[in-house]
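Just so it is clear, the model here is predicted, and its values are computed rather than measured. Every chain is numbered from 1, with letters handed out A, B, ... down the list of sequences.
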2 protein chains.
Amino acid sequence: MRPREFDHDDVLRIAFDQFWRKGVRGTSLSDIARDADVQRGSLYNAFGSKEALFLAAYERYASEYLASIEKALSSGSLRRRLTAFFDVTIGNMCAGSPPRGCPTTRGLMELGSAEGEGLDDNARRAFADLMTRITVRLEAVLSAGVARGEFKGSPKCTALHIATVTRGLAVLERAFGDEGKLREIASHTVDLVLAKASG
Amino acid sequence: MRPREFDHDDVLRIAFDQFWRKGVRGTSLSDIARDADVQRGSLYNAFGSKEALFLAAYERYASEYLASIEKALSSGSLRRRLTAFFDVTIGNMCAGSPPRGCPTTRGLMELGSAEGEGLDDNARRAFADLMTRITVRLEAVLSAGVARGEFKGSPKCTALHIATVTRGLAVLERAFGDEGKLREIASHTVDLVLAKASG
DNA sequence: AACAATATTTGACACGGCGTCAAAAATGTG
DNA sequence: CACATTTTTGACGCCGTGTCAAATATTGTT
């Protein structure tokens, strides 16, 4: 059989970069094809559809991103871990010029329908999955904090709260583009969450 | 001059309903034209562009929504006001079947670029404006809470924190569609914010 | 009452994006 | 060398946005 003339992973990276910068619906397969030096038809042959291409590209990103989150959460005091978590999160969404925002949040609001209409339910699941994984990781870190006396409270509720704030930050980034404000909110959140701690 | 054959406000309501259900990019002017019994060209003549039509429809919604938020924040203890605020917010984003989510958050992530790329900067400003108004209102309520001894903390930081959580809830609604979870988070947030209060 | 001025409606058009298809091209295999 | 298989390539249909000119309906003027 005829060999493929392009690198699968290169295309995924190039595609995700465009999706991230211009949004999923704002990026055409022609754009990606031009950037990747591939014919548009080849993309359909290789991935099937725009949504499937996005999904593949997103999952590539998600595993890398999750790894960086886990690294940030993996050492130091609880306060240090949470601060590092927000640093990575905010750094990610404010990177680029202009800033590209959080691809998970952007993609979710652009493609996800909470139920039915099910056009892009696979994408929705992928986004929800990353959020769940992060929340679970946060909960584990908070539980460890309880065990060490660094934190008093419900790890489950608190992890969910922090995850919610994280998503809110992604929205505020789009609205105001003010990284300083995001960092203030993050810092205030850490203080609030740790207020009852070791006091 | 020839009189218009359709009601401006009716079209705005019909259009916003579609935008809300199917997203801005997922709604075509043909859809709206059919639903509103108007020719597509008439919409362009009356509003200029799809974005302008959305903007007009959104601003109609925003003023109504802001009024309902202000009502919720206007009576009772601080705890009661914040609870009512979250009730209205969550009720709004979970209404409809399937739930339509928060139109501000959805629209912002779909259209807004934090900077440059400036295609839809007017829309971004409209979304940011509503968020700012709500935050200002929250801050005023919290300041009043401080004056009455119901709350100890920074009204500014706390208002921003609550606004952030609100946006995060809108994202989680899309991801999981679990209204109960949203209410738990809201309740936990109120507890957290009021933890230092009147104790 | 006829007519000009003005705004709206209507249908056709260009352009671009998504997705499909068949034909052409490039490899491995008997 | 001929065959099977997969990828590439270019053409097509469909739909969405936005523009335009011609047709239509109303108001104001003479």
Taken to the nearest 0.5 Å, the spacing of A:Leu172 CG from B:Met131 CE works out to 4.0 Å

Find the distance between OG1 (B:Thr158) and CG (B:Leu192) and round it off to the nearest 0.5 Å. 10.0 Å

Charged N to carboxylate O under 4.0 angstrom, B:Arg125 versus B:Asp121? yes

What parts of residues 1-16 of chain A reach DNA chain D, counting only heavy atoms under 4.0 Å away? A:Met1, A:Arg2, A:Pro3, A:Arg4, A:Glu5, A:Phe6

Under 4.0 Å, heavy atom to any atom of DNA chain D: which of residues 39-47 of chain B qualify? B:Arg40, B:Tyr44

Check whether B:Tyr44 forms a cation-pi arrangement with B:Arg40 (NZ or CZ under 6.0 Å from the six-membered ring centre, at most 45° off the ring normal). no

Between A:Glu110 and A:Arg25 (side chain of the first, backbone of the second, donor and acceptor by atom type, cut-off under 3.5 Å), is there such a pair? yes

Chain A vs DNA chain C, heavy-atom contacts under 4.0 Å, first-to-last nucleotide span, 5' to 3', is C:dG17 to C:dG28

A:Phe16: what forms a ring pair (Phe, Tyr, Trp, His ring centres under 6.0 Å) with it, not counting sequence neighbours? A:Trp20, A:Tyr61

Output all residues satisfying ring pair (Phe, Tyr, Trp, His ring centres under 6.0 Å) with A:Phe19, sequence neighbours left out; order by chain, then residue number. A:Phe54

Which whole-number value in Å describes the distance from B:Arg34 CZ to D:dT17 P? 11 Å

Please name the residue in the list A:Asp17, A:Asp31, A:Asp35 that meets the salt bridge (charged side-chain N to carboxylate O under 4.0 Å, His left out) test with A:Lys22. A:Asp31

For residues 82-104 of chain B, the salt bridge (Lys or Arg N to Asp or Glu O under 4.0 Å) pairs (sequence neighbours left out) are B:Asp87-B:Arg183

Parallel, tilted or perpendicular: which describes the rings of A:His161 and B:His188, with under 30° parallel and over 60° perpendicular? perpendicular

